[in-house]
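Each remark here refers to the structure printed beneath this line.
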Amino acid sequence: MESRYDHLQAEQEIYTLWEDAHAFAPSSDRAGGDTAQKSFSIIMPPPNANDPLHIGHAMFVSIEDALTRFHRMRGDNTVWIPGTDHAGIETQFVYEKKLKKQGKSRFDFDRQTLFNDIMAYVKENSDVAVNQIKKLGASADWSRFTFTLDPDVVEFVTGTFKRLAADNLVYRDLQLVNFCVNCGTSFSELEVNHIDQTSSLYYVRYRMADNPKEYITLATTRPEPIWADTHLAVHPDNKKTMHLIGKKVLNPLTDAEMEIIADDFVDPEFGTGIVKLTPAHDFNDFAAAKRHNLPIIIAVDRRGKMTDGAGKYAGMSSKAAREAVVADLQTKTSPEYPDGLIEKIDTNYQNRIGTCYRCGRVLEPLPLPQFFIKVNAEKKSLTQAALKVLDEGKTIVHGAGREKILRHWLENLQDWNISRQIVWGIRIPVWYEVSGHEEKITVSFITAQKELKQGVLAELLKEHSLEEIAAGLQQLFADNTVPYTISVEDPSEDQSASTNSNIKGAKNTNQTTKSKKLYLPETDTFDTWFSSAQWPVVTLKTNKPDDFSRFYPTTVMETGYDILPFWVMRMMIMGIYITGQTPFSEVYLHGLVRDAKGQKMSKSKGNVINPLEIVEKFGADALRMALVIRSTPGLDKSVGDQDFKAMRNFSNKIWNASRFIALQDENPSHEVATNQAETSELGTGSGDAVFMEKLATITAEITKNMLDRKIGLAADTLYNEFWHWFCDECIEQHKQGSISLKVLQEGLHAFLHMLHPFMPFVTEKIWQELRATDDSLPEQLITSSWPEA
RNA sequence: GAUCGAUUAGCUCAGUUGGUUAGAGCGCCACAUUGACAUUGUGGAGGCCAUAGGUUCGAGUCCUAUAUCGAUCACCA
């Protein structure tokens, strides 16, 4: 053995050794595997398919691999299933940036072409993440690798949608949703980023209809859609304003009459106690409008421009329209209000506003017909079922009080908008009936001459055939009233062929047809989380035939606490819905990885750690150990070069202690071999007995910590006991002659086993070295047995 | 406003069901070192465990309140 451990050389060699031995496969897959044994399973959180590795990936690999290796050594039928995620909006966003550099945009393509292009792009990059995860030493079973757009995954996910629809747990409705005019899609409530900002609060005068010389004043942050407002509201019990109920005022812009209604959502204390209702663009107003059956007039379109009804403001952006509207109101004067209809502007008004988590722009609440999952149906409440699983302890959460946060989410969850107006994803398997509804469907499509056309279908059909439109279809919006059929294939076509034979990932949509079309397809795709939510079920149902019965519910779901509501909660909801059982017995939530000073990592701060550089410089073992040691579920972990260096030194310490012991064995003439203890039987000398007893205590402690998922503590204990007890005390005592070589070897073997889950490369490399002179040892450390306490 | 965390050495953090003199890494000081390891060894300095109460034979650990920091949710035009 060399005097220094060379991680660069060893890591490559050792990983290949494991792969060649199929060491990552569950024992039930191997010949003679006992399927009756206890199983242990982890589903890897699938990284974005074309995302390069970041430190968060290294964190989950370190923890999940430690657990996987521990249970594998314990003799459990162990599997860790890897995969990658198509990451709908993220990936499309990245791809669109790329298009922009080429002077193009998503509007230059029909949806099928764009989908195929993105697929090719992702395929090109998708091996990157996988190979990087391998460099970290992940003992995941790559033969079970799954991609979220694999044909069988798509089939499964669309199947779940059909089942939800059959159970009346999915519906299409016109609802106000958060829409990003830049990204061109709506989001669910979870994806909205609320940020504090300073904005202007405009106090606008509304003239009384019966006497325009009198007016009332109310405050608004959004004057630009005033032209579309038809009603004001006051609180029914507010003494100051109750006399206004039923009265009429004039719209400041259009002079149309507006009625003042009563609704108790109005806060009498805020502003003047009077609020204007803009049902199409405010969540409270939308709800009020539904209660009072008010018209919903859309003032802002999906591009963020004023709609045609805005007259002179039509086509203006919100910001430009706001300035124009305010200017116009200020010039609308009379003797009673010489400064116009704006009483004052508070430019230092603090409020919170919803922004796009992806691009950061202000989201526009828009009424759109979308598909929703009913999460709290009376008879089949998905959220209640998840809460029950928590109550019964069938899923336990490790992570600093985060179970309470999960419960809070489950108790307050709203129906889940799963429609996304993007191409990159699984198309919602729905077709809209065209005949008789041409006026209620708007489409955009690319003509055979590569021209973009958009408009109401009825108009477009005058110049284009439905076949042409279908072939070049880019996006379709159907009114809430248009009937639809849930089906992957065009329901108007002959379906004599076996139903699902054509669902093949990339080409699952928009088949061009020969026969007369009666339907056009939905162009929206599922929220990525809708498929992710089914991940533990999907990965086990689409791989080996017995996987589901063997490994479901999975043992541990390990992921970052930041995606607790997005992913963990939804996996519980969907997993329980599909299978009737929780998808995982335990949730282990790791924290954010921060820099050495405890600062959040960000590109702008320049403190981002690239895990591959650390692997190169200090070794994967050092990186893993630094991330795991003394880490606590649910709390953030800070690391820096000093930590990686310390753990690199530790791996070298392990190497050298092993080397010393190996040298004693090879070299019995060495002076220390002449000591007395050497001649005694294993563990019978007094020093030996103390040693063995302490070793047993440590082993029991580590084992318990691992089972209790206190892996940060287990790693810390191992570090201290190995270095400061085994090396500093025991090896020195051996040199003094009070501990025999035999027990020292025994101790080394135990430590190598226990260190292996954390530092797999150096321990396996040493094992192979030891085995070179002692072939009675098990062939590989990775598949050998965890020491008995 | 509500909820959930955190507060321990100069810095970053562990501390298992309450149980002797509270630990690690990094940093600091002194010394050592040709035979496992300088990616080292030995020794050392450094802590009212945020504050105030309480429970207990005993509290860093359990309870209550306060303060500070952080996260999340709700926010009203």
Side-chain angles (χ1 to χ4, degrees), chain A residues 1-5 7 189-190 194 196 201-204 218-223 229 232-233 235 265-278 282-285 288 349-353 399-409 411-412 561-562 564-565 591-592 594-600 618-619 622 625-626 629-632 634-664 667 670-672 701 704-705 708-710 712-717 719-720 723-724 727-728 731-732 734-735:
Chain A
M1 286 172 79
E2 300 295 321
S3 68
R4 279 186 188 194
Y5 168 62
H7 64 266
E189 46 161 341
L190 274 69
H194 295 278
D196 289 309
L201 186 61
Y202 303 86
Y203 287 79
V204 184
L218 62 85
T220 179
T221 50
R222 290 198 70 180
D229 296 348
L232 304 186
H235 194 280
F265 90 90
V266 182
D267 180 356
E269 304 302 319
F270 186 87
T272 56
I274 310 167
V275 61
K276 76 183 181 77
L277 295 178
T278 311
D282 181 279
F283 287 93
N284 275 323
D285 298 359
Y349 179 66
Q350 300 296 320
N351 67 344
R352 263 170 90 81
I353 194 149
R402 291 241 152 47
E403 181 181 333
K404 288 185 184 170
I405 293 175
L406 178 58
R407 283 176 180 277
H408 182 262
W409 273 107
E411 282 156 8
N412 295 288
Y561 66 70
D562 51 330
L564 179 67
L592 235 60
R594 294 169 178 269
D595 76 2
K597 292 175 194 159
Q599 300 286 311
K600 232 176 184 171
F618 300 106
M625 192 62 167
I629 193 165
R630 269 165 274 127
S631 75
T632 314
L635 296 183
D636 294 349
K637 171 76 181 167
S638 71
V639 288
D641 258 21
Q642 59 201 23
D643 302 291
F644 303 130
K645 194 178 158 198
M647 294 307 136
R648 189 271 320 266
N649 293 354
F650 183 49
S651 65
N652 194 58
K653 187 75 181 178
I654 302 169
W655 176 262
N656 272 298
S658 308
R659 182 165 157 259
F660 172 79
I661 292 168
L663 283 174
Q664 301 313 299
N667 207 1
H670 193 278
E671 57 181 274
V672 297
E701 194 182 334
K704 185 172 189 309
N705 285 336
D708 292 344
R709 311 302 181 217
K710 294 182 175 171
L713 185 56
D716 194 29
T717 308
Y719 179 95
N720 285 311
W723 198 314
H724 301 306
C727 295
D728 292 352
I731 290 184
E732 294 310 312
H734 169 71
K735 290 178 185 170

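Throughout, protein chains are lettered first and strands after them, A, B, ... in sequence-line order, and every chain is numbered starting at 1.
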Restricting both atoms to N or O, compile the protein contacts to nucleotides 17-19 of chain B shorter than 3.5 Å, with distance only.
none

side-chain contact (heavy atoms from CB on, under 4.5 Å), paired with A:Met625, selected from A:Phe618, A:Phe650, A:Phe644 = A:Phe650
Side chain to side chain contact (heavy atoms under 4.5 Å, CB included) between A:Ile731 and A:Lys735, intermediate numbers included = CA-CA 6 Å; A:Ile731 290 184; A:Lys735 290 178 185 170; 4.2 Å; yes
Over 12 foreign heavy atoms within 6.0 Å of CD, A:Glu2 | no
Where protein sits on nucleotides 59-77 of chain B, one letter per nucleotide: B base, S sugar-phosphate only, - none, heavy atoms under 4.0 Å = --------------SBBBB
Distance between C1' atoms of B:G46 and B:C29 (Å, rounded) | 11 Å
A:Ile731 CD1 - B:U40 P separation (whole Å) = 14 Å
When rounded to the nearest 0.5 Å, the distance separating NE2 of A:His194 from CG of A:Asn351 is 12.0 Å
Do A:Val275 and A:Phe270 have side-chain heavy atoms sitting under 4.5 Å apart?
-> no
May I have the distance from A:Leu635 (atom CG) to B:A6 (atom C1'), rounded to whole angstrom?
-> 7 Å
Between the OG1 atom in A:Thr220 and the CD1 atom in A:Ile274, the distance rounded to the nearest 0.5 Å is 13.0 Å
Provide, to the nearest angstrom, the distance between the CD1 atom belonging to A:Ile629 and the P atom belonging to B:G15.
-> 12 Å
P-based separation of B:A24 from B:A65 [nearest Å] | 36 Å
What pairs with A:Asp636 under salt bridge (Lys or Arg N to Asp or Glu O under 4.0 Å), at least two apart in sequence or on another chain?
-> A:Arg594
Would you please confirm or rule out a distance under 4.0 Å between OP1 or OP2 of B:A2 and any side-chain N or O of A:Lys404?
-> no
Within this structure, what is the CH2-to-P distance between A:Trp723 and B:C37, rounded to whole angstrom?
-> 14 Å
In whole angstroms, the gap separating C1' of B:G1 from CG of A:Asn412 amounts to 15 Å
Mind checking whether A:His7 and A:Ser651 have side chains closer than 4.5 Å, heavy atoms only?
-> no
Anything under 30° is parallel, anything over 60° is perpendicular, the rest tilted; go ahead and classify A:Tyr719 against A:His724.
-> perpendicular
Verify the contact: side-chain N or O of A:Thr632 to OP1 or OP2 of B:A14, cut-off strictly under 4.0 Å; return yes or no.
-> yes
Given atom CD of A:Gln664 and atom C1' of B:C37, what is their separation to the nearest angstrom?
-> 13 Å
Is a donor on one side and an acceptor on the other found under 3.5 Å between the side chain of A:Asp716 and the backbone of A:Ile629?
-> no
Here the distance between atom P of B:U42 and atom NZ of A:Lys735, to the nearest Å, is 10 Å
At under 4.0 Å between heavy atoms, what does A:Asn720 touch on the DNA or RNA strands: base, sugar-phosphate, or nothing?
-> sugar-phosphate
Rounded distance in Å between the C1' positions of B:C37 and B:G41 | 10 Å
Considering only the C1' atoms, how many Å lie between B:C4 and B:C49, rounded to the nearest integer?
-> 22 Å
Stem regions touching RNA chain B, defined by at least 3 consecutive Watson-Crick or wobble G-U pairs below 3.5 angstrom | B:1-7 with B:67-73, B:10-13 with B:23-26, B:28-32 with B:40-44, B:50-54 with B:62-66
For nucleotides B:C11 and B:U7, find the distance between their C1' atoms and express it as a whole number of Å.
-> 15 Å
For A:Asp595 and A:Gly640, indicate whether the former's side chain and the latter's backbone hold a donor-acceptor pair under 3.5 Å.
-> no
Within a strict 4.5 Å, meaning less than it, do heavy atoms of the A:Leu592 and A:Tyr561 side chains meet?
-> yes
Backbone N/O of A:Lys710 and side chain of A:Asp708: donor-acceptor pair under 3.5 Å = no
Taking atom C1' in both B:A71 and B:U39, what distance in whole Å separates the two?
-> 38 Å
Starting from C1' on B:A24, measure out to NZ on A:Lys653 and report it in whole angstrom.
-> 16 Å
Taking only the side-chain nitrogens and oxygens of A:Arg4, find out if one of them lies under 4.0 Å from OP1 or OP2 of B:U39.
-> yes
Check every strand shown and say whether A:Gly401 touches a base, only sugar-phosphate, or nothing at a heavy-atom separation below 4.0 Å.
-> sugar-phosphate
If you round to the nearest 0.5 Å, how far is NE2 of A:His734 from CD of A:Glu732?
-> 10.5 Å
Hey, does the side-chain of A:Glu732 have a donor or acceptor N/O within less than 3.5 Å of a partner on the base of B:A36?
-> yes
Grab the N/O contacts between the protein and nucleotides 10-12 of chain B below 3.5 Å, and write none if there aren't any.
unit_1: B:U12; atom_1: O3'; unit_2: A:Ser638; atom_2: OG; d: 2.9
unit_1: B:U12; atom_1: O2'; unit_2: A:Ser638; atom_2: OG; d: 2.2

P atom, B:U8 versus B:G15: distance in rounded Å?
-> 14 Å
So what does A:Asp708 touch, heavy atoms closer than 4.0 Å: a base, only the sugar-phosphate, or nothing?
-> nothing
Ion pair present between A:Glu701 and A:Lys704, side-chain N to carboxylate O less than 4.0 angstrom?
-> no
Which residues pass the salt bridge (Lys or Arg N to Asp or Glu O under 4.0 Å) test with A:Arg709, sequence neighbours left out?
-> A:Glu586
Using a 4.0 Å heavy-atom cut-off across all strands, classify A:Tyr719 as base, sugar-phosphate, or nothing.
-> sugar-phosphate
Could you measure between the two C1' atoms, the one in B:G60 and the one in B:A50, and give it in whole Å?
-> 12 Å
Would you mind telling me which of B:A14, B:U39, B:A36 lies closest to the side-chain atoms of A:Phe660?
-> B:A36
